[in-house]
Structures are given as C-alpha cells and as structure tokens.
2 protein chains.
Amino acid sequence: MTDSNPNASLTAPSIPGDALPPVEQHAQQYATVRNAHETELIEDYVELIGDLLAHRGEARAADIASRMAVSQATVSKMIRRLNELELVTSKPYRSLFLTEAGQKMAETSRARHDIVLHFLRALGVRDATARIDAEGMEHHVSDETLAIMQRFTEQQQNS
Amino acid sequence: MTDSNPNASLTAPSIPGDALPPVEQHAQQYATVRNAHETELIEDYVELIGDLLAHRGEARAADIASRMAVSQATVSKMIRRLNELELVTSKPYRSLFLTEAGQKMAETSRARHDIVLHFLRALGVRDATARIDAEGMEHHVSDETLAIMQRFTEQQQNS
DNA sequence: CAATATTGTTAGCCAAGGCTAAACTATTTG
DNA sequence: CAAATAGTTTAGCCTTGGCTAACAATATTG
Ligand SMILES: [Mn+2]
Ligand SMILES: [Mn+2]
Ligand SMILES: [Mn+2]
Ligand SMILES: [Mn+2]
C-alpha cells in the first residue's frame with residue numbers, strides 16, 4: 001500500500017459479498033485456466049476425429065474444416081501438430097487415423113464431454129444451448145465436479 | 001465420400017451413443033467457444049480490477065501480476081490494451097480505475113462468476129475446486145444456463 | 001536526503017491459432 | 001482419357017498472450 005491514494009479506506013465501497021481469496025489460491029485459479037487453454041483445442045480435434053472415424057469410417061481434413069468452421073489451411077497446419085504430438089497418423093491426401101495415444105485421448109474427451117452435455121440437459125437446459133455450453137465448459141470441469149455431475153444426471157433419470 | 005477406403009461402412013464400429021450433430025450446428029458450437037476465448041481474458045482483468053478497487057481501494061499492476069501469476073510486463077502490456085478499449089483509465093505509476101464501460105463489464109462478469117461459483121457449491125463441489133472450475137466455466141455459460149443455475153441455487157438454499 | 005527496494009515500462013523474443021492466396025494432388029465426369 | 005472439380009498443402013501474414021532483460025520512476029528507510 002502506498003500514499004498515492006490516502007483516502008483508499010474511506011473511498012472503498014461497502015464490502016461486497018465475498019472477500020478476495022488468498023493470493024496463492026487466486027493465482028492457482030488463473031493458472032489452471034491457462035493450462036486448460038493449452039490443451040483444449042487439441043482435445044477438440046482429437047475428439048472430433050474419433051467421432052468422424054466412428055460415425056463415418058473416415059476423417060478427412062475437409063470435414064474437420066467445415067465442422068469447425070475454420071479454413072482448410074488451419075486444419076492442415078493443426079494436423080501437422082497432431083502428428084508431431086503422435087496423436088494421429090496421416091498419409092498425404094488420405095484420411096486421418098488415431099494412434100493409441102490419440103484413441104485414448106478421444107475416449108477420455110468424449111466421455112467427459114458427454115457427462116457435461118447430459119448433465120446440462122438433466123438440469124433443464126435446451127438441447128441446442130446445452131451443446132454450445134458443453135463445448136466450452138468441458139475443458140474447465142475438474143474430475144470432482146465431473147463425478148458430481150454424473151451422479152446428478154443418474155439420479156434425475158431414476159425418478 | 002471417396003473410394004480411398006472402400007470398407008468404410010464395414011470397419012465403422014458399432015454405433016456410439018449420439019449421432020453427430022448437423023454440420024451447421026456443430027460449427028456453431030466451436031465458433032461460440034472461439035468467440036468466448038477472445039473476450040475472456042479481458043473480462044477476467046476488468047473483473048479483478050473491480051474487485052481490487054472494491055476490497056482494497058486501489059488496483060496496482062503489481063497486485064494484478066501476483067494474483068494472476070503472470071509477469072509485470074504482461075500486465076503492463078494488457079493495461080495498454082484495456083486503455084485502448086476504454087475500459088480503464090491510468091496514469092503512469094498510479095492505480096488503475098475503471099471507466100463507465102469498465103464498471104459495467106466488471107459488474108456483469110462478477111455477477112456471472114458468482115452465480116456459477118454458488119451453483120457449484122450448491123451442487124456439492126468443495127469450495128477450492130468450485131473456485132477453480134468457476135474461473136474457467138463462467139465464460140462458456142449461456143444466459144439460459146445461467147438462469148437455471150441461479151434458480152437451482154436458490155431452491156437449494158430454501159430447503 | 002541518499003541509498004536501496006519496489007513498482008512500472010519498454011523492447012524484443014516466442015508459440016499458438018487464425019487468415020488468404022497459390023500450388024499441387026486426386027477424383028469425377030464429359 | 002482429358003478437363004474440370006474437389007481436396008490438400010504450403011507460404012506468408014496477423015493478433016494474442018506469454019516471457020526475460022534492461023531501464024525508469026516512485027517509495028521507503030538508514
Ligand atoms: Mn469436446
Ligand atoms: Mn470443446
Ligand atoms: Mn471471472
Ligand atoms: Mn474467468
């Protein structure tokens with residue numbers, strides 16, 4: 001605290017609801033979000049490739065581009081990265097396939113995505129909205145919360 | 001569909017749970033997420049500045065840096081951007097303040113953040129986890145879902 | 001009040017994730 | 001089977017959001 005605003009304590013508005021969390025904890029919140037942002041696009045690609053393989057038998061760059069509403073150049077560059085990460089295998093001008101690691105990631109992401117989507121529907125959110133919200137939320141839901149969401153959805157169904 | 005994988009329909013695994021959504025709808029999911037990503041960091045900064053002003057009477061770059069676990073250079077650069085967006089006013093080496101627009105954004109973001117946090121706690125998520133999850137989820141929750149979360153939390157409290 | 005410590009800014013670097021335009025390959029069709 | 005169409009890749013550009021290192025301003029303290 002400095003002298004630059006000597007009235008600080010006087011001008012502070014009436015205390016709002018919650019206090020600020022301790023610095024360490026607060027920092028952890030943001031750090032966790034930054035971390036999720038590093039992996040989430042990768043997860044969405046891998047998950048989508050897995051879905052295309054499962055439902056269509058093949059996963060072509062053009063399909064990914066139109067489903068993600070992104071240019072083919074963007075997809076092509078991303079595929080190179082997925083290759084470097086050894087999540088997919090690809091021969092030029094041919095369908096993509098998932099490596100072992102890629103399949104594992106696809107399954108995990110798909111499972112998590114489904115839990116969030118089904119939870120939102122069980123809560124009473126309209127399907128189209130639930131799908132949009134789930135696409136973003138899924139990457140920021142801890143295992144703890146995920147387990148609670150799943151339990152909630154099941155209880156909702158048995159009643 | 002091409003001839004490159006003539007066994008596509010034969011090799012397709014037994015149909016998983018849900019079908020793929022129509023291309024347009026699927027694309028909308030990802031586009032909405034990309035959109036949220038463009039604004040979320042701005043929202044977090046503005047919200048934090050508002051919180052610091054409310055609880056401490058001033059918002060210094062150094063506080064933001066330590067609460068976000070980010071370098072002071074990163075904060076300094078971001079402040080320039082917030083200035084350009086006319087969300088904050090700042091004199092060099094002095095505390096930040098929010099413009100009208102900044103205050104409005106801070107209130108909206110804080111309100112939304114609180115609804116998500118309180119909802120997670122009402123669901124039964126431990127406080128520390130709820131705070132981490134809320135920090136990321138808040139930016140991907142539609143107004144529709146937000147309203148449902150708020151109602152759920154209230155009902156939980158009156159019982 | 002001078003020296004030191006803290007705080008803030010600037011410059012320059014990097015990776016990620018978008019884009020368009022142009023070139024190349026493969027598939028389909030006349 | 002040649003030409004046209006569709007799909008893929010590459011090159012080069014841009015913005016965002018990180019970083020470190022060096023420097024500048026302010027605040028604290030012996
Ligand atoms: Mn997903
Ligand atoms: Mn997603
Ligand atoms: Mn927030
Ligand atoms: Mn946030």
Side-chain angles (χ1 to χ4, degrees), chain A residues 1-6 8 23 27 30-46 48-49 52 56 58-85 87-96 136 139, chain B residues 1-6 8 23 27 30-46 48-49 52 56 58-85 88-97 136 139:
Chain A
M1 177 80 89
T2 76
D3 241 15
S4 66
N5 183 1
V23 177
Y30 296 114
T32 303
V33 173
R34 281 195 300 272
N35 223 56
H37 283 160
E38 279 180 21
T39 49
E40 68 176 284
L41 190 58
I42 301 280
E43 289 167 359
D44 282 343
Y45 266 87
V46 168
L48 175 55
I49 292 165
L52 288 170
R56 297 262 190 282
E58 61 176 10
R60 316 288 308 214
D63 295 343
I64 299 173
S66 52
R67 288 212 170 249
M68 290 214 169
V70 124
S71 77
Q72 292 188 195
T74 295
V75 172
S76 201
K77 201 204 279 191
M78 197 59 171
I79 289 172
R80 201 184 321 146
R81 222 184 126 205
L82 295 175
N83 249 302
E84 281 158 12
L85 294 171
L87 292 166
V88 309
T89 58
S90 65
K91 300 196 188 98
Y93 298 95
R94 286 290 180 286
S95 173
L96 296 169
H139 309 281
Chain B
M1 176 80 90
T2 76
D3 240 16
S4 65
N5 183 0
V23 177
Y30 297 113
T32 303
V33 172
R34 281 195 300 273
N35 222 57
H37 284 161
E38 279 180 22
T39 49
E40 68 176 284
L41 190 58
I42 300 279
E43 288 168 359
D44 282 344
Y45 267 86
V46 168
L48 175 55
I49 292 166
L52 288 170
R56 297 263 188 282
E58 60 176 13
R60 315 288 306 216
D63 296 343
I64 298 172
S66 53
R67 287 208 171 252
M68 290 214 169
V70 124
S71 77
Q72 292 189 191
T74 295
V75 172
S76 201
K77 201 204 276 192
M78 197 59 172
I79 290 171
R80 202 186 319 147
R81 222 184 126 203
L82 295 175
N83 248 301
E84 281 158 12
L85 294 171
V88 309
T89 58
S90 66
K91 299 196 190 100
Y93 298 95
R94 286 289 181 286
S95 172
L96 295 169
F97 294 96
H139 310 279

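Letters A, B, ... mirror the listed sequences (proteins, then strands); counts begin at 1.
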Next on the checklist: Closest-nucleotide mapping onto DNA chain C: is B:R80 or A:K77 further toward the 5' terminus? I mean the 5' end.
Outcome noted: B:R80
Checklist entry - Are A:L96 and A:I64 side-chain neighbours, meaning at least one heavy-atom pair lies under 4.5 Å? => result yes
Checklist entry - Between A:L82 (CG) and D:dT9 (P), how many Å, whole number? => result 12 Å
Item to check | NE2 on B:H139 to CG on B:L41, rounded to 0.5 Å | outcome: 8.5 Å
Checklist entry - Rounded to whole angstrom units, what separation is found between the CZ atom of A:R56 and the C1' atom of D:dG7? => result 17 Å
Item to check | Out of C:dA16, C:dG18, D:dG7, whichever nucleotide has its closest atom nearest the side chain of A:R81 | outcome: C:dA16
Item to check | A:M68 side chain near A:L48 side chain, heavy-atom distance below 4.5 Å | outcome: yes
Checklist entry - For the side chain of B:R94, counting heavy atoms from C-beta on, which of C:dG8, D:dG17, D:dA27 is nearest? => result D:dA27
Checklist entry - Taking the side chain from B:S95 and the backbone from B:R60, do they hold a donor-acceptor pair closer than 3.5 Å? => result no
Checklist outcome for this item: B:Y45 atom OH is separated from D:dT16 atom P, nearest whole Å, by 14 Å
Item to check | d(CD, B:E38; C1', C:dG18) in whole Å | outcome: 9 Å
Next on the checklist: Assuming nearest nucleotide by heavy-atom distance, tell me which of A:R34 and A:S90 is located more 5' along DNA chain D.
Outcome noted: A:S90
Checklist entry - Looking at the side chain of A:A73, which of C:dT7, D:dA11, C:dT10 is the nearest nucleotide? => result D:dA11
Next on the checklist: Nearest whole Å is fine: how far is D:dT16 P from B:I79 CD1?
Outcome noted: 17 Å
Checklist outcome for this item: Between CD of B:E40 and C1' of D:dG18 the distance, given in whole Å, is 15 Å
Checklist entry - Roughly how many Å is it from CE in B:M78 to P in D:dC19, rounded to a whole number? => result 13 Å
Next on the checklist: Is the phosphate of D:dG18 approached by B:T74 (side-chain N or O, under 4.0 Å from OP1 or OP2)?
Outcome noted: no
Checklist outcome for this item: Separation of D:dA25 atom C1' from B:Y93 atom OH, nearest Å, is 4 Å
Checklist entry - Do the non-hydrogen side-chain atoms of A:I49 and A:L82 ever get within less than 4.5 Å of each other? => result yes
Checklist entry - Which of these nucleotides, C:dT20, D:dG7, C:dT9, is closest to any side-chain atom of A:S71? => result C:dT20
